[in-house]
2 protein chains.
Amino acid sequence: MKTMYKEHTLTKNQQIIFDLIDKSPEPMKAYSILFNVQKKGIKAPLQVYRALDKLVKMGKIHKIESRNAFIACQNSSCQVSKATAFSICEMCEKITEISSSSLSKYLANFKDKDGMKYSKYNLEFFGLCKKCR
Amino acid sequence: MKTMYKEHTLTKNQQIIFDLIDKSPEPMKAYSILFNVQKKGIKAPLQVYRALDKLVKMGKIHKIESRNAFIACQNSSCQVSKATAFSICEMCEKITEISSSSLSKYLANFKDKDGMKYSKYNLEFFGLCKKCR
DNA sequence: TACATAGTGTTATATTATAACAATTAAATT
DNA sequence: AATTTAATTGTTATAATATAACACTATGTA
Ligand SMILES: [Zn+2]
Ligand SMILES: [Zn+2]
Ligand SMILES: [Zn+2]
Ligand SMILES: [Zn+2]
């Protein structure tokens with residue numbers, strides 16, 4: 001019989017930081033997060049980075065690697081937290097999570113020349129968004 | 001009549017830094033590059049970062065965003081310097097540039113839900129390499 | 001030559017991220 | 001409930017990554 005484990009309930013710091021990122025219209029950087037949560041008692045970078053690490057692992061947020069910024073998952077707690085795709089506007093920096101089953105299928109099934117498959121990936125598309133075209 | 005512009009000849013600093021990265025068996029980080037070229041007279045981080053910027057723009061090297069590291073283009077001066085794909089071993093950190101025309105075609109033709117196409121992208125696959133499986 | 005563009009050298013500083021340690025809280029096992 | 005195990009927190013210090021600003025030099029173009 002399988003042991004039951006607790007659901008992923010967020011801890012205090014995790015919840016504070018997730019809420020902030022989740023209601024932000026754009027990805028947030030770690031030190032901007034820090035500045036915004038200082039009034040809630042989170043005073044040190046490490047407290048922020050630790051919460052970010054966990055939230056990323058849970059798939060609640062994703063890191064935009066090319067921007068060192070964090071965005072809440074747009075796919076209602078991404079089942080595919082390990083398989084992320086974003087579009088990034090190079091003009092206004094608008095960043096959107098892409099949710100395309102054909103894309104995720106293609107990438108999950110992609111084999112390199114050694115026949116190797118990868119279930120985990122991060123894809124960042126760059127271009128101009130609708131507004132900026 | 002079209003004016004002739006000079007070919008992309010590398011400058012002294014660019015050449016020194018490209019040579020170092022090109023002969024490295026693994027991606028190099030900026031400060032490791034700095035350390036290695038100090039005997040050649042390149043003394044400051046900015047000299048390294050400026051050369052890296054230009055080399056990236058030329059497509060001679062690529063940045064592995066999730067690792068903050070730089071690797072020489074494996075595709076004999078990537079025509080597709082704006083469309084890069086890598087596999088990253090999470091055990092030994094072996095990083096390989098993927099050269100797959102079907103992948104690049106698929107991604108270049110991918111349309112998001114607004115019908116938007118992106119000719120520029122960066123894709124990083126994560127998994128275990130042959131050795132580490 | 002004159003002008004424009006790109007590259008250099010330098011110092012200082014900004015931004016992003018982790019190490020190390022002690023203490024506390026929450027969860028799982030007995 | 002008591003034990004013990006794992007996860008989280010708070011804190012200070014420091015490491016690693018990257019850019020600003022300025023004066024100067026080299027190169028390409030007209
Ligand atoms: Zn997601
Ligand atoms: Zn835009
Ligand atoms: Zn390449
Ligand atoms: Zn490996």
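Phosphate proximity of C:dT16 to A:Lys29: present, with a side-chain N or O under 4.0 Å from OP1 or OP2. B:Thr11 has a side-chain polar atom (N or O) that falls below the 4.0 Å cut-off from OP1 or OP2 of C:dT8. For the OP1/OP2 pair of C:dA6 and a distance below 4.0 Å, the side-chain nitrogens and oxygens of B:Lys12 include no atom meeting the criterion. Considering only side-chain N and O atoms, B:Asn13 lies under 4.0 angstrom from the phosphate OP1 or OP2 of C:dG9. Contact check, B:Gln47 against C:dT8: no side-chain N or O comes under 4.0 Å of OP1 or OP2. The side chain of A:Asn68 contributes an N or O atom lying less than 4.0 Å from OP1 or OP2 of C:dA17. One finds no side-chain N or O of B:Lys54 lying less than 4.0 angstrom from the OP1 or OP2 phosphate oxygen of C:dA6.
Judged purely by atom type and a 3.5 angstrom limit, A:Asn109 uses its side chain to pair as donor or acceptor with the backbone of A:Lys105. Counting only distance, with no hydrogens or angles, the side chain of B:Asp114 and the backbone of B:Met116 share no donor-acceptor pair below 3.5 Å.
For the pair A:Phe35 CZ and C:dT16 P, the computed distance is 15 Å after rounding to whole Å. One can place CD1 of B:Ile17 at 10 Å from P of C:dG9, the figure rounded to the nearest angstrom. If you measure from atom CZ of B:Phe18 to atom C1' of C:dG7, you get 19 Å, rounded to the nearest angstrom. In this structure, B:Gln14 atom CD and D:dA26 atom P are separated by 16 Å, rounded to whole Å. If you measure from atom CD of A:Gln15 to atom P of D:dT9, you get 12 Å, rounded to the nearest angstrom. Regarding A:Lys63, its NZ atom lies at a distance of 12 Å from the C1' atom of C:dT15, rounded to whole Å. Nucleotide D:dA16 holds its P atom 15 Å from the CD1 atom of B:Ile33, rounded to whole Å. Atom CE in B:Met28 sits about 15 Å away from atom C1' in D:dA16, given to the nearest Å.
The side chain of B:Ala30 approaches D:dA18 more closely than any other nucleotide in the set C:dA20, D:dT8, D:dA18.
Remark on DNA chain C: of its neighbouring residues A:Tyr49 and A:Leu46, the 5'-side contact belongs to A:Tyr49, judged by nearest-heavy-atom nucleotide. Nearest-nucleotide positions on DNA chain D place B:Arg67 closer to the 5' end than the other of B:Arg50 and B:Arg67.
Not a single donor-acceptor pair, N or O on each side, falls under 3.5 Å between the base of C:dA14 and the side chain of A:Tyr31.
In this pair, B:Tyr121 and A:Phe125 present their aromatic rings perpendicular. The plane angle is above 60°, beyond the 30 to 60° band.
Hydrophobic clustering of Ile, Leu, Val, Met, Phe, Trp and Tyr side chains at less than 4.5 Å, counting indirect connections, keeps B:Ile95 apart from B:Val56.
Between B:Arg67 and B:Glu93, at least one side-chain nitrogen of the basic residue sits less than 4.0 Å from a carboxylate oxygen of the acidic one, meeting the salt-bridge criterion.
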